[in-house]
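Quick note: residue numbers are just sequence positions, from 1.
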Amino acid sequence: MLGPSTNTVVQPDFDDMRPWGVTNHYSRIVVANPSAVSNETFLAGVADIDRNTADAVTGVMTCQPDYLVMGMSAVTFFGGAEGARRWRESIEALSGIGVTIGSEAVAAALAAYGNVKRVAFFSPYYPAANDQVRRFLADHGYETVRGTPLQCPSWIAIAELTPETLRDTMKDLDGDDVDAIIQVGTNVSNVRLAAAAELWLGKPVIAINTATYWHALRANGIHDRMPGFGRLLAEF
């Protein structure tokens, strides 16, 4: 697992979803905790994460893992479906093993649920990064009806989003014109709340950490069904 050093959520989330017999080994992409108060500063912070990813990959490969899971999402949406593919392939070339990235995991999750055409999503990002998520989803055939950028003021502040904020955001995004709701941003603690939201909204609610870990398990032929994290891990 690779994630920014400022990310305090993705590691415990992935560990909570870990089946017996699977081990997670976390490698930190070292970055500062910059203030992200505009599109420009947010994108600059994402660029720092991107530049430092190779060192984290090189470090974790010394334990000879079977597979890599990227525990950060923003950069994996950039450039649409083609940009995501190129980014994943660059990490696969560096590591020599398979890689799951958040953007492609979300697309796979939507396909697994089926009957989804129109989506709403929210993120801790700024509008410029939300535009990249919208583009990626469009490339996979999904119309974004609504997208909310919560514009967190720093990387660490993302993990400080309260359950009340997340609940209210999902409720505001919902509507008869939406087939599924997506949350992106791996430092958002939403895996259990998204699972609960599926019950009271009656439609798929996909937390990116759930989708990412689910995709990595299934890509490796691991089909354990995990309750408590929504239909994705419990049924597909």
Side-chain angles (χ1 to χ4, degrees), residues 1-18 22-37 41-61 63 65 67-78 84 87-88 91 94-95 99-106 109 121-126 128-130 132-133 136 149-163 165-166 169 182-194 206-217 229:
M1 317 303 177
L2 295 98
S5 54
T6 51
N7 188 314
T8 58
V9 167
V10 70
Q11 182 177 3
D13 274 2
F14 284 175
D15 282 343
D16 285 349
M17 293 182 280
R18 180 181 63 85
V22 174
T23 59
N24 298 335
H25 305 275
Y26 197 80
S27 183
R28 294 188 174 274
I29 303 166
V30 178
V31 292
N33 181 41
S35 295
V37 295
T41 55
F42 185 91
L43 295 177
V46 171
D48 282 342
I49 294 173
D50 190 21
R51 281 191 294 269
N52 294 336
T53 297
D55 288 342
V57 172
T58 300
V60 81
M61 287 307 299
C63 76
Y67 198 77
L68 287 181
V69 185
M70 305 308 296
M72 49 88 167
S73 61
V75 70
T76 73
F77 288 99
F78 287 14
W87 197 89
R88 171 178 47 78
I91 303 301
L94 176 63
S95 65
V99 179
T100 283
I101 62 174
S103 58
E104 293 180 339
V106 167
F121 75 90
F122 75 97
S123 78
Y125 308 155
Y126 278 68
N130 261 33
Q132 296 292 330
V133 178
F136 175 88
L150 293 177
Q151 302 188 57
C152 292
S154 71
W155 293 155
I156 289 176
I158 295 172
E160 297 169 350
L161 289 167
T162 66
T165 295
L166 302 179
T169 300
I182 304 162
Q183 168 260 311
V184 301
T186 63
N187 206 21
V188 178
S189 183
N190 197 48
V191 294
R192 289 181 176 82
L193 192 57
I206 299 172
I208 195 165
N209 287 352
T210 305
T212 301
Y213 202 78
W214 163 83
H215 183 275
L217 292 175
F229 300 99

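Contacts of R18 classified as salt bridge (Lys or Arg N to Asp or Glu O under 4.0 Å), with partners at least two apart in sequence or in another chain: none. Residues satisfying the side-chain contact (heavy atoms from CB on, under 4.5 Å) criterion with P12, sequence neighbours excluded, are absent altogether. Partners of R88 according to the salt bridge (Lys or Arg N to Asp or Glu O under 4.0 Å) rule, which considers only residues two or more places apart in sequence or in another chain, are E92, E104. Evaluation of the side chain to side chain donor-acceptor pair (under 3.5 Å) rule for N130 yields S123 as partners, not counting sequence neighbours. A56 pairs by the side-chain contact (heavy atoms from CB on, under 4.5 Å) definition with L2, S27, I29, not counting sequence neighbours. The side chain to side chain donor-acceptor pair (under 3.5 Å) test applied to D15 returns N24, not counting sequence neighbours.
Taking CH2 of W87 as the reference point, atom CD1 of I91 lies at 4.0 Å (rounded to 0.5 Å). Separation of atoms OH (Y213) and CZ (F229) is listed at 10.0 Å; rounding is to 0.5 Å. Interatomic distance, N7 CG to N187 CG, rounded to the nearest 0.5 Å: 3.5 Å. In this structure, D13 CG and N190 CG are separated by 9.0 Å, a value rounded to the nearest 0.5 Å. Within the model, atoms OG of S103 and CD of Q132 stand 11.0 Å from one another, a figure rounded to the nearest 0.5 Å. Put simply, CD on Q11 and CG on D16 are 10.5 Å apart, with the number rounded to the nearest 0.5 Å.
In terms of heavy-atom proximity, V9 sits nearest to T186 at CG1-O, 3.7 Å. In terms of heavy atoms, A216 sits closest to V69 at CB-CG2, 3.5 Å. Here the shortest heavy-atom pairing between A211 and A109 reads CB-CB, 4.1 Å. The two atoms that bring H215 and A105 nearest to each other are CB-CB, 3.7 Å, heavy atoms only. When all heavy atoms of V60 and P65 are compared, the pair lying nearest together is O-CD, 3.6 Å. The two residues M72 and P4 come nearest to each other via the heavy atoms CB-CD, 3.5 Å.
Between the side chain of Y125 and the backbone N or O of A74 there is at least one donor-acceptor pair closer than 3.5 Å. In terms of modelled atom types and a separation under 3.5 Å, the side chain of T212 and the main chain of N209 share no donor-acceptor contact. Not one N or O on the side chain of T76 forms a donor-acceptor pair closer than 3.5 Å with the backbone of A84.
Between V57 and L68 the shortest side-chain heavy-atom distance falls below 4.5 Å. Within the 4.5 Å cutoff, the side chain of L193 has no heavy atoms near those of the Q183 side chain. Using a 4.5 Å heavy-atom cutoff, the side chains of L150 and F122 are in contact. For the pair F121 and V106, the minimum side-chain heavy-atom distance is 4.5 Å or more. With contacts defined as side-chain heavy-atom distances shorter than 4.5 Å, the pair V75/M70 does not qualify. No side-chain heavy atom of D55 sits under 4.5 Å from any side-chain heavy atom of V30.
The aromatic rings of F77 and F136 sit perpendicular, their planes meeting at an angle over 60°, well past the 30° parallel limit.
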